[in-house]
Amino acid sequence: MTTSDSEEDSYDERSALMSAETPPVPSYQPEQSDPDPSAQGPVLRRAKSSERGPGPEAELDEEEELTLKYGAKHVIMLFIPVTLCMVVVVATIKSIGFYTEKTNQRLIYTPFSEDEVSVGRRLLNSFLNSIVMISVIVVMTIFLVMLYKYRCYKFIHGWLILSSLMLLFWFSYLYLGELFKNYNLAMDFPTVGVLIWNFGAVGMICIHWKGPLQLQQAYLIIISALMALVFIKYLPEWSTWVILGAISIYDLVAVLSPKGPLRMLVETAQERNEPIFPALIYSSGMAWMVGMANPAEERRQQSDAEAQEAGGSLEAEDSPDPSAGAQRGCPSGEDQEEESGVKLGLGDFIFYSVLVGKAAATGGDWNTTLACFVAILIGLCLTLLLLAIFKKALPALPISIAFGLVFYFSTDYLVQPFMDNLATNQYYI
Amino acid sequence: MTASVFFGCTFIAFGPAIALFLFTIARDPLRVIFLIAGAFFWLVSLLLSSLVWFISVQISNKESAPQQRGLLIFGVVLSVLLQEVFRFGYYKLLKKANEGLLALSQEETMPISIRQLAYVSGLGFGFMSGAFSVINILADSVGPGTVGIHGDSQHYFLSSAFMTMAIILLHMFWGVVFFDACEKKRWWCLVIVVASHLLVSCLTFQNPYYVGSLVPTYIIMFLMGVWAFCCAGGSLRNLKLCLTCKDKDFLLANHRPR
């Protein structure tokens with residue numbers, strides 16, 4: 001796509017950006033249906049802009065480096081939704097007792113119970129649980145990649161629509177029920193029916209079809225939070241930590257190794273020049289393909305699919321023309337593209353929130369929750385920095401989850417007794 | 001107890017800091033990132049000092065109360081020193097990063113000046129320090145209970161909130177003075193900053209005798225505030241111009257008519 005001259009004059013940081021539109025971003029979708037948490041590895045990708053620079057050199061393909069300011073804006077555009085999701089999860093965990101109640105029910109993905117007496121046995125069971133879970137995820141991912149490769153789009157769509165239906169209607173109904181029980185509010189079924197129907201229907205439309213960007217973002221945050229709450233409730237304690245660690249490693253492998261399923265997915269999508277399913281990915285800005293006839297609409301319809309847990313994928317798309325107000329699903333003329341957005345997969349939201357929520361659930365200490373929160377944000381920041389440097393798909397889970405786990409265990413076991421003693425004596429450091 | 005104490009103490013403790021954040025930092029993404037990075041550095045310093053304290057407690061005699069108190073005091077001093085070390089480390093990292101980014105971005109001016117970084121990092125340290133000190137206390141203040149039922153001070157929550165506010169603002173001032181001292185290579189200023197931090201922490205050993213700890217802390221806070229104001233380029237003249245809305249540079253920068 002071409003950059004108009006006016007862009008360059010607009011403002012410095014913009015011009016430094018890869019202003020040209022980007023070649024189509026590979027569509028990627030992590031799959032899975034609902035009750036499964038097959039999380040996909042988050043994938044970060046940076047779409048390259050093909051041109052930039054002053055008029056005469058427009059044909060040159062240069063890769064622009066992000067200026068610090070522009071990169072910082074992207075980081076904040078992701079910090080806010082991640083923070084919101086974590087806040088929703090922590091607020092729910094701390095106020096509604098249901099999600100922290102001990103339950104004997106387990107997901108079928110974690111068949112081994114943790115009610116063992118000996119530590120060794122319990123540890124072994126949690127490792128076995130995580131092996132089962134990760135294998136389920138790997139199988140699902142490979143299945144999805146196969147489906148995608150053999151162009152079974154309808155199947156994928158159907159699957160994604162079913163899973164989002166379940167999340168938006170059933171899980172939110174359960175959540176609402178627990179909320180009312182907790183605050184002892186009397187409510188009748190017809191009202192709840194109307195509420196849930198409206199909530200779910202608007203959600204389906206926003207996520208799978210067209211809707212205001214912020215509403216879509218809000219719905220994606222809500223469904224990520226709901227999914228994270230399900231995990232926090234049903235995954236046994238030690239298994240959660242082991243699974244978090246294992247899934248970060250899986251993510252790393254799946255995205256970076258040449259034969260990794262996610263990498264294959266990304267590459268296939270890139271070959272076919274297809275866009276990403278907006279439903280699986282949280283996008284902070286609107287991304288449009290410039291200069292393609294009927295681009296946005298068609299693509300959007302085609303690519304609408306939702307996955308329950310979308311793996312994380314982080315992509316940055318550059319838009320050549322910041323001035324065009326973009327509206328979703330409105331293919332106006334060529335040079336319309338709005339602010340480049342960065343994309344993060346829903347799976348990332350979910351696992352970040354699981355980590356922070358679990359930290360909030362176990363123990364009454366707010367310091368641990370706060371420490372995990374800061375650690376995750378810093379991990380995300382570093383990941384985005386790497387994205388700016390390497391400019392290709394990167395996994396968003398490993399760094400943040402690693403920091404989060406380190407800080408969880410160290411704050412819980414080392415910092416907490418120290419701070420407790422200080423607070424008892426009112427010493428300040 | 002409950003809601004009024006909770007909200008009152010929260011606003012006392014975090015009011016100035018949140019106001020500073022909303023009015024000066026929230027609009028600029030770069031500053032927010034450096035704030036969170038500053039908070040992270042403080043957290044790491046706390047982690048290391050807790051680790052040392054924890055190990056020392058494990059190998060000590062847990063029954064003896066004076067020994068435990070001594071170890072706690074040792075922990076406090078170590079933590080203060082480590083915080084300042086990490087502040088210095090953060091300064092070095094920011095210098096390096098700034099130079100690197102300047103080279104990379106081909107612009108002539110840095111997107112954020114070292115003074116702004118000093119302010120933002122100081123506030124980041126302050127936020128995290130204040131949050132870790134007081135959040136659990138605030139959470140407890142929501143629930144039922146009686147303060148000081150066993151004979152302890154009844155002003156526990158209030159004094160904690162005031163102390164936290166002082167600490168947050170102090171960290172911000174220390175940040176500004178510290179970075180300025182490092183820039184101008186005035187090492188005696190650094191020593192004074194570290195010494196004042198140690199002094200403030202050691203004053204809290206007198207709690208619950210709050211007069212002995214809160215009053216000097218506030219005095220130190222005002223003095224550090226004045227010093228930081230001067231380091232940041234302020235002067236009586238600037239202050240007068242600002243307060244009477246006659247400061248042309250500031251007005252121009254904010255596009256307001258005089």
Side-chain angles (χ1 to χ4, degrees), chain A residues 12-13 15-16 64-80 83 94 363-382 384-385 388-389 403 406-407 409-411 413-429, chain B residues 28-34 36-37 39-40 43-44 46-47 49-51 53-54 57 68-69 72-73 75-77 79-80 83 101 104-107 110-112 128-129 131-140 153 156 159-160 163-164 166-167 197 200-201 203-205 207-208 210 213 217:
Chain A
D12 267 1
E13 51 243 49
S15 18
E64 290 306 307
E65 293 163 351
L66 285 175
T67 58
L68 191 55
K69 271 189 212 160
Y70 188 69
K73 192 160 153 252
H74 278 176
V75 173
I76 297 298
M77 287 201 285
L78 283 184
F79 271 11
I80 295 177
T83 307
K94 288 284 187 186
D365 197 8
W366 283 89
N367 286 345
T368 315
T369 313
L370 198 56
C372 289
F373 168 70
V374 172
I376 288 181
L377 285 186
I378 292 291
L380 188 59
C381 195
L382 285 174
L384 285 167
L385 189 67
I389 295 176
F403 276 7
V406 164
F407 274 86
F409 287 110
S410 51
T411 310
Y413 293 113
L414 299 176
V415 176
Q416 189 190 346
F418 185 47
M419 296 307 292
D420 272 348
N421 272 311
L422 290 179
T424 314
N425 296 309
Q426 261 192 316
Y427 293 170
Y428 279 78
I429 48 174
Chain B
D28 189 350
L30 207 52
R31 293 181 195 170
V32 175
I33 293 174
F34 284 118
I36 297 184
F40 181 72
L43 199 58
V44 177
L46 178 68
L47 204 75
S49 52
S50 310
L51 179 66
W53 174 82
F54 189 77
V57 162
Q68 293 302 311
R69 189 161 184 270
L72 199 60
I73 291 178
V76 168
V77 172
S79 177
V80 168
Q83 283 177 48
L101 284 159
L104 222 59
S105 71
Q106 296 148 4
E107 283 182 6
M110 298 199 289
I112 184 168
M128 212 54 186
S129 169
F132 262 64
S133 307
V134 96
I135 280 226
N136 280 330
I137 296 174
L138 288 176
D140 285 338
S153 162
Y156 183 79
S159 63
S160 298
M163 192 69 197
T164 306
I167 294 270
H197 193 170
V200 168
S201 283
L203 281 172
T204 62
F205 295 153
N207 280 338
Y210 296 126
S213 69
T217 304

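None of the values given here were measured: they were computed from a predicted structure. Every heavy atom of this structure was used, including side-chain atoms; hydrogens, water molecules and symmetry mates were not.
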*Among B/L138, B/I137, B/I135, whose side chain to side chain contact (heavy atoms under 4.5 Å, CB included) with A/W366 holds?*
B/I135
*Between B/F205 and A/Y427, does the ring centre distance come in under 6.0 Å?*
yes
_B/Q83 portion near chain A, given a 4.5 angstrom heavy-atom threshold_ = side chain
*Can you say whether B/S133 sits under 4.5 Å from chain A via the side chain, the backbone, both, or neither, judging by heavy atoms?*
both
*Are A/F418 and B/F132 close enough that their ring centers fall under 6.0 Å?*
no
*A/M419 versus B/L46: any side-chain heavy-atom pair under 4.5 Å?*
yes
*Under 4.5 Å from a heavy atom of chain A, the part of B/S160 involved*: both
*Examine whether an atom of A/I429 lies under 4.5 Å from a heavy atom of chain B, and if so say whether it belongs to the side chain, the backbone or both; otherwise answer neither.*
both
*Could you check which of B/V134, B/L47, B/V80, B/V44 has the highest count of heavy-atom pairs closer than 4.5 Å to chain A?*
B/L47
*For B/P29 against A/A72, the heavy-atom pair lying closest together*: CB-O, 3.5 Å
*Hey, are the side chains of B/L30 and A/K73 touching, using non-hydrogen atoms and a 4.5 Å cut-off?*
no
_Within this structure, what is the OG-CZ distance for the pair A/S410 and B/F54, rounded to the nearest 0.5 Å?_
11.5 Å
*B/S213 versus chain A, heavy atoms under 4.5 Å apart: side chain, backbone, both or neither?*
neither
*Test side chain to side chain contact (heavy atoms under 4.5 Å, CB included) applied to A/L414 and B/W53, step by step*: CA-CA 8 Å; A/L414 299 176; B/W53 174 82; over 6 Å; no
*Pick one: which of B/I33, B/V32, B/I36 meets side chain to side chain contact (heavy atoms under 4.5 Å, CB included) with A/V75?*
B/I33
_Restricting to non-hydrogen atoms, name the atom on B/Y156 and the atom on A/T424 that form the minimum distance, rounded to 0.1 Å._
OH-N, 4.4 Å
*Heavy atoms only, distances under 4.5 angstrom: which of B/L51, B/L72, B/V57 has the most pairs with chain A? Name it, please.*
B/L72
*Can you list the steps and then say if A/N425 with B/N207 is a side chain to side chain donor-acceptor pair (under 3.5 Å)?*
CA-CA 7 Å; A/N425 296 309; B/N207 280 338; over 6 Å; no
_Region of B/R31 that comes under 4.5 Å of a non-hydrogen atom in chain A_ = neither
_side-chain contact (heavy atoms from CB on, under 4.5 Å) against A/Y413, all qualifying residues, sequence neighbours excluded_ = A/F409
_Close side-chain approach of B/T164 and A/Y428, heavy atoms under 4.5 Å_ = yes
*Check step by step if side chain to side chain donor-acceptor pair (under 3.5 Å) holds for B/T204 and A/Q426.*
CA-CA 7 Å; B/T204 62; A/Q426 261 192 316; over 6 Å; no
